[in-house]
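Heads up: the structure comes next, in structure tokens.
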Protein chains: 2
Amino acid sequence: MSGPYVYEYPHPAATVDIAIFTVRDDSLRILLIRRANPPFQGVWALPGGFVGIDESLKHAAWRELREETGINAAYLEQFYTFGHPKRDPRERIITVAYFALLPSDKLDVEAGSDAQRADWFNVDELPELAFDHPKIISRALSRLDEKVVHSSAVFQLLPKTFTLPELQRVTELIRRESVDRRNFRKRMLSQGLIEATGELARRGAHRPAKLYRARVSA
Amino acid sequence: MSGPYVYEYPHPAATVDIAIFTVRDDSLRILLIRRANPPFQGVWALPGGFVGIDESLKHAAWRELREETGINAAYLEQFYTFGHPKRDPRERIITVAYFALLPSDKLDVEAGSDAQRADWFNVDELPELAFDHPKIISRALSRLDEKVVHSSAVFQLLPKTFTLPELQRVTELIRRESVDRRNFRKRMLSQGLIEATGELARRGAHRPAKLYRARVSA
DNA sequence: GCAAAAGTGTTCTAGGTACACCCATGT
DNA sequence: ACATGGGTGTACCTAGAACACTTTTGC
């Protein structure tokens, strides 16, 4: 399995890039890695890599996710493919972009341990980014917003059990607008997507919040 | 610009495929072409082709659209990328799928003239299809459904002016469910997306319908 | 005048929004 | 006791759903 590989016509390279989101320190965060090699050496970028010639796109995305976070259970969804001819200075590279949602309590040491190599950035305070990654992230964020409105994907960003204020906060971080607490509760509880565990979360000098879990969809 | 092209690592090929929709003879139709060469010679398939090495994905999609229909004005949107390693028996091919919406009155002779080569198929009566094109079409249809609910893309399937019953019919063909005429009218007119032209459409032995046009979004 | 499709209004229901006070805890 | 954040209910409004008769035309 080593080159050279010869084709009659020029072929682009294919990669996957992953926007891995989580909620941490009261902000929506995305995992970025510092590029070890040119081009854009030392610049922050989305985790990603080449698609194996016999590897499905989703498999490549899972593999990258595992390599960067140590996690192999997460919500993973393809959202767009970027293929501008000059988006990579080396050669023509088409990248299939995925986003992944990680529960805040599953953050692996691997990613957090070496902030020189990988770090979780607040989506509102992004550093300079390699390639067309600002565009990719911006599209990932708007897709995430749609997801939160029209599906139950938010739960993927929370631990198995969570409180309603936590759920509301995550929603607000993504939607970028705040909602009335009573209306939020009413809506959530009437939709039947969550159920109380019966436990309480004692988290400070105030009344404890009830814990809920996402109901497995029928 | 001729081979051979040599790479250190194996590269997939990249194509675009387009699901081109229109409404015709009271049905939602998709343009298919009969494959002239192996694999799947003689079998119906989505129009599509290889992405030029210096060509953007969207440009490739426009080019294919133009080549197959003669049209170069239409609603065109990328919706998913298919990359299963075995989806093409020849080599690894990753295809970026687009859908296009054509107004019923702009159908070009090119596509209609030679039914041996290209034809408009009712989406409910599709022939046997090459590759993973059934999967691509199925995904295109569900995306189209979402579009119709959440955006004003439907207008792209209609002539510049149209009647409310026509608009309703197109919506019903895509959504696959019928709605009450009065409620449909009320909703459309209250949204302010259409405006009356003042003209009437005399189309048979019955009361003529008012013509409307889509309002350019503010 | 008859068949065929277009046009039109009201009532009911459900979901969304606005809004303010009491409750359980830690210190 | 007090500061902090969690929990709760009502009134209003808007959008969607159900529903039947009249109008205009071509033949």
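Below, all heavy atoms of this structure are taken into account, side chains as well, without hydrogens, waters or symmetry copies. Quick caveat: nothing in here was measured; it's all calculated off a predicted structure.
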State whether B/Arg185 and B/Asp180 are salt-bridged, where the test is any N-O pair (Lys NZ or Arg NE/NH1/NH2 against Asp/Glu carboxylate O) under 4.0 Å. no

Summarise protein proximity over nucleotides 18-27 of chain C in one line of letters, 5' to 3': B for base, S for sugar-phosphate only, - for none, counting protein heavy atoms closer than 4.0 Å. BBB--BBBS-

Under the ring pair (Phe, Tyr, Trp, His ring centres under 6.0 Å) rule, what do A/Phe40 and A/Phe131 come out as? Steps first, then yes or no, please. CA-CA 8 Å; A/Phe40 294 100; A/Phe131 307 107; 4.8 Å; yes

Give the rounded distance in Å between these two atoms: CZ of A/Arg187 and P of C/dA14. 18 Å

Is it the case that the side chain of B/Ser27 and the backbone of B/Arg24 share a donor-acceptor pair, with hydrogens and angles ignored and the cut-off at 3.5 Å? yes

Would you say B/Lys210 reaches C/dT8's phosphate, i.e. side-chain N/O to OP1/OP2 under 4.0 Å? yes

Do you know which two heavy atoms are closest between A/Phe50 and A/Glu55, and how far apart they sit? O-OE1, 4.2 Å

Nucleotide C/dT8, atom C1' - distance to CG of B/Leu189 in whole Å: 11 Å

Does the pair A/Arg63/A/Glu67 count as a salt bridge with the N-to-O cut at 4.0 Å? yes

What's the CD-C1' distance between A/Glu172 and D/dG5, to the nearest Å? 14 Å

Can you measure A/Arg185 atom CZ to D/dG9 atom P for me and round it to whole angstrom units? 10 Å

Could you tell me the separation between the CD atom of A/Gln168 and the C1' atom of D/dG7, rounded to a whole number of Å? 12 Å

May I ask you to check whether over 12 heavy atoms, not counting those of A/Gln191, lie within 6.0 Å of atom CD? yes

In this structure, how many angstroms lie between the C1' atom of D/dA18 and the CZ atom of B/Phe184, rounded? 17 Å

Integer-rounded Å distance: D/dT25 C1' and B/Glu199 CD: 17 Å

A/Glu177 CD - C/dT17 C1' separation (whole Å): 13 Å

